[in-house]
Amino acid sequence: MTAMALLPRLCLAAGLSFMGTAASAATIEVTMEKLGFNPAVVTAHPGDTIVWRNKDMIDHTATSKGNFDVVIPAGKSGSTVVKGDGAVDYICRYHPNMKGRIEVSR
């Protein structure tokens, strides 16, 4: 038996797969309403998507300097994919009293 023919059997015996066993990414929703982020703090993993839904009658942003700057018009939504790990603080550039935090862990 050639090495290439033997490889799938060895992987199967070892409990491995060519496809890998990556965890599926989650979608985490944050509502922008009454000039606030709700929830203000979320926990995420690299590869997860944060979706901000703007329920206010005015535009907002989700801005973290050097990480992301998402403009979310009134009544719309915007998103970003989480990268790295550690805590990421963000604000609305238009309303800096709006503060949020993404706690990223592996």
Exercise. Any donor and acceptor pair, going by atom type alone, linking the side chain of Asp48 with main-chain N or O of Ala26 inside 3.5 Å?
Worked result: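 Side chain of Asp48 to backbone of Ala26, a donor-acceptor pair under 3.5 Å: yes, one is there.
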For this session: Return yes if some donor-acceptor pair links the side-chain N/O of Asp56 with the main-chain N/O of Lys34 below 3.5 Å, else return no.
Result: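 Looks like yes, one N/O pair under 3.5 Å.
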From [atom1] ([X]) to [atom2] ([Y]), nearest 0.5 Å:
| X | Y | atom1 | atom2 | value |
| --- | --- | --- | --- | --- |
| Asn97 | Lys99 | CG | NZ | 8.0 Å |
| Ile91 | Thr61 | CD1 | OG1 | 6.5 Å |
| Met32 | Met98 | CE | CE | 4.5 Å |
| Ser79 | Arg53 | OG | CZ | 9.0 Å |

Closest approach of [X] to [Y] (non-hydrogen atoms, all atoms of both residues):
| X | Y | answer |
| --- | --- | --- |
| Ile102 | Ala44 | CG2-CB, 4.0 Å |
| Gly84 | Pro46 | O-CG, 3.1 Å |
| Val70 | Ile72 | O-CD1, 3.3 Å |
| His95 | Asp59 | CE1-O, 3.3 Å |
| Val104 | His45 | CG1-C, 4.2 Å |

Exercise. Any Lys/Arg nitrogen of Arg93 or Asp69 sitting under 4.0 Å from an Asp/Glu carboxylate oxygen of the other?
Worked result: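 A salt bridge links Arg93 with Asp69.
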Exercise. Given the rule in the side-chain contact (heavy atoms from CB on, under 4.5 Å) test, do Asn54 and His60 qualify, once you have shown the distances and angles that lead to the verdict?
Worked result: CA-CA 7 Å; Asn54 184 353; His60 293 300; 3.3 Å; yes
Problem set entry | Within-4.5 Å side-chain heavy-atom neighbours: Val42 and Ile50 |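 Val42 reaches Ile50 side chain to side chain.
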Exercise. Taking the side chain as C-beta and beyond, is there a heavy-atom pair between Val71 and Tyr94 under 4.5 Å?
Worked result: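 The answer is yes, as the side chains (C-beta and beyond) meet within the 4.5 Å cut-off.
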Problem set entry | Inter- and intrachain pairs under side chain to side chain donor-acceptor pair (under 3.5 Å), touching residues 80-90, at least two apart |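 Non-adjacent pairs meeting side chain to side chain donor-acceptor pair (under 3.5 Å): Trp52-Tyr90, Asp85-Arg106, Asp89-Arg101.
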Problem set entry | Shared hydrophobic cluster, Val51 / Ile28 (ILVMFWY, side-chain heavy atoms < 4.5 Å) |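 Unlinked, Val51 and Ile28 end up in two clusters.
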For this session: Find out if a path of hydrophobic residues (ILVMFWY) with successive side-chain heavy-atom gaps under 4.5 Å connects Val41 to Val30.
Result: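 Different clusters: Val41 never reaches Val30 through Ile, Leu, Val, Met, Phe, Trp or Tyr contacts under 4.5 Å.
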